[in-house]
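We count ligands from 1, going down the list as the structure has it; atoms in each ligand are counted the same way.
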Amino acid sequence: MDMYYDKFLHMLEEEDKENCVEFALSKLESGEIDVITLYKEILEPSLNNMTCKLSEKKICVWKEHVRTSIVRTILECSYPYILKEKKKNHVKNNKGKIVVVCPPEEYHEIGAIMAANFFILNGFDTIFVGSNTPKEDFIGAIDYIKPKYVAISVTNYYNLVAAKNIIKEIKNTANYPIQILVGGYAFNSNPDALYQIGADRLLQTYEDIKKFGEEG
Ligand code: B12
């Protein structure tokens with residue numbers, strides 16, 4: 001997989017969107033790479049290992065945006081392959097409804113999109129809401145959708161406070177036992193934040209989600 005990663009990274013560094021998208025989709029189409037491997041071993045490290053050269057300091061955020069936009073296009077285009085994989089494995093939507101959301105002011109959403117697709121692959125009836133979801137809208141929707149789980153993705157650890165507030169309101173609003181799952185970069189160096197913000201469970205990887213689904 002290292003060879004594929006190096007090739008992809010080179011094209012990404014060149015900001016060659018056309019070839020990045022074509023490369024990823026052709027590997028999925030031929031079956032050389034499955035969606036989980038594409039996400040885990042190519043797309044995720046291509047963003048998380050991103051560094052900024054001192055000489056490019058002024059355009060760092062610009063570069064982050066361009067890179068994310070290329071990865072995001074690939075993620076959106078991979079959706080039919082998620083469905084194909086799900087069908088191939090005879091996965092039924094029988095694990096309950098889950099809403100995947102980012103707290104207010106959290107604009108990092110690539111991890112949340114990947115997590116949402118991992119939930120789909122494991123039989124969860126998944127609704128991806130997206131980044132920076134306003135608290136009021138989200139709380140209002142809880143009553144209407146009545147999900148069994150809410151999965152909150154937090155990347156910037158400053159947004160743990162917003163996550164804590166939203167969890168408190170969800171628990172006060174839902175008049176049924178609702179489970180709050182969390183994940184994202186903010187928990188990598190501080191997994192105990194899970195308890196501090198009042199969530200029920202921390203999941204990070206595809207394997208964590210698979211295991212969680214198997215628990216019933
Ligand atoms: C891309 C990126 C951006 C993009 C985001 C675009 C988008 N639409 O998502 C842009 C350019 C907008 C951005 C902005 C900012 N960013 Co930024 N960004 C990144 C970068 C390079 C990659 C993040 C990413 O997408 N990773 C790829 C995904 C796939 O990985 P992941 O998030 O870890 O997700 C995996 C798991 O965690 C899991 N997962 C994630 N969520 C969930 C949820 C559940 C329920 C489950 C089960 C699993 C799960 O699933 C994924 C697959 O395994 C990181 C670098 C880094 N080291 O992380 C910085 C980083 C996250 N950013 C950072 C910062 C500081 C910012 C800014 C404040 C400043 C800036 N650089 O402009 C703004 C803040 C915007 C805001 N208010 O939120 C810091 C955060 C530090 C901190 N305080 O915690 C980082 C770490 C960079 C750094 N080293 O300083 N950023």
Side-chain angles (χ1 to χ4, degrees), residues 5 8-9 12-13 15 24 35-53 56-76 78 82 95-122 124 126-134 147-163 166-167 170 178-191 193-194 197 199-213 215:
Y5 176 64
F8 180 79
L9 195 62
L12 198 60
E13 274 162 358
E15 298 178 357
V35 260
I36 301 163
T37 312
L38 175 72
Y39 287 10
K40 253 186 5 191
E41 294 185 30
I42 298 181
L43 302 183
E44 181 181 336
S46 76
L47 288 175
N48 282 349
N49 299 337
M50 193 175 171
T51 50
C52 185
K53 291 182 204 145
E56 292 179 338
K57 209 82 193 148
K58 277 193 180 149
I59 52 163
C60 268
V61 174
W62 161 274
K63 284 186 149 297
E64 246 176 53
H65 275 268
V66 174
R67 218 179 243 221
T68 314
S69 126
I70 296 174
V71 170
R72 206 200 150 107
T73 299
I74 297 171
L75 276 182
E76 298 294 358
S78 73
I82 294 282
K95 301 277 163 61
K97 196 172 271 183
I98 185 162
V99 171
V100 182
V101 69
C102 302
E105 298 308 318
E106 179 61 82
Y107 290 92
H108 298 92
E109 61 177 354
I110 302 293
I113 300 174
M114 284 192 190
N117 287 349
F118 290 161
F119 281 113
I120 293 175
L121 283 173
N122 284 286
F124 291 86
T126 310
I127 302 173
F128 173 72
V129 186
S131 65
N132 185 27
T133 304
K148 187 170 176 189
Y149 310 101
V150 175
I152 304 178
S153 176
V154 191
T155 300
N156 191 330
Y157 52 68
Y158 291 122
N159 293 329
L160 286 168
V161 177
I166 214 170
I167 290 170
I170 293 169
I178 188 166
Q179 242 189 303
I180 312 289
L181 316 175
V182 288
Y185 182 82
F187 298 94
N188 284 356
S189 54
N190 183 14
L194 156 78
I197 66 173
D200 298 305
R201 189 83 178 250
L202 171 64
L203 305 172
Q204 282 292 24
T205 62
Y206 175 80
E207 287 71 26
D208 290 346
I209 293 173
K210 186 168 189 282
K211 218 169 124 208
F212 178 69
E215 285 170 17

Discussion item. Is there a side chain to side chain contact (heavy atoms under 4.5 Å, CB included) between Leu181 and Phe119? Walk through the geometry before answering.
Written reply: CA-CA 12 Å; Leu181 316 175; Phe119 281 113; 4.0 Å; yes

Discussion item. Please classify the Lys40 to ligand 1 contact at 4.0 Å (heavy-atom distances, strictly less than): side chain, backbone, both or neither.
Written reply: neither

Worksheet item: Where on Met114 is there a heavy atom closer than 4.0 Å to ligand 1, on the side chain, on the backbone, on both, or on neither?
Response: side chain

Item to complete: Give a yes-or-no answer on whether the side chains of Glu106 and Asn159 include a donor-acceptor pair shorter than 3.5 Å.
Response: yes

Worksheet, complete the sentence: the protein heavy atom lying closest to atom 24 (C) of ligand 1 turns out to be Asn48 OD1, 3.7 Å

Fill in: Distance-only N or O hit between ligand 1 and Asn156, under 3.5 Å
yes

Worksheet item: Applying a strict 4.0 Å limit to heavy atoms, is Val61 in contact with ligand 1?
Response: yes

Item to complete: With heavy atoms under 4.0 Å as the rule, classify the contact between Thr68 and ligand 1 as side chain, backbone, both or neither.
Response: side chain

Worksheet item: What is the closest protein heavy atom to atom 14 (C) of ligand 1, and at what distance does it sit?
Response: His108 NE2, 3.7 Å

Worksheet item: Any N/O of Arg72 closer than 3.5 Å to an N/O of ligand 1?
Response: no

Item to complete: Could you tell me whether Val182 approaches ligand 1 through its side chain, its backbone, both or neither, with non-hydrogen atoms closer than 4.0 Å?
Response: backbone

Fill in: CA sep, side-chain torsions, deciding dist, call: Glu105, Asn156, side-chain hydrogen bond (donor to acceptor under 3.5 Å, both in side chains)
CA-CA 9 Å; Glu105 298 308 318; Asn156 191 330; over 6 Å; no

Discussion item. Ring-plane angle category for Phe124 and Phe212, please: parallel below 30°, perpendicular beyond 60°, tilted otherwise.
Written reply: parallel

Discussion item. In this structure, is the centre-to-centre distance between the rings of Phe187 and Tyr157 below 6.0 Å?
Written reply: no

Worksheet entry | Residue and atom name of the nearest protein heavy atom (relative to atom 71 (N) of ligand 1), distance in Å to one decimal | Glu64 OE1, 3.7 Å

Item to complete: Evaluate the criterion side chain to side chain contact (heavy atoms under 4.5 Å, CB included) for residue pair Tyr39 and Asn117; output intermediate values, then yes/no.
Response: CA-CA 10 Å; Tyr39 287 10; Asn117 287 349; 2.9 Å; yes

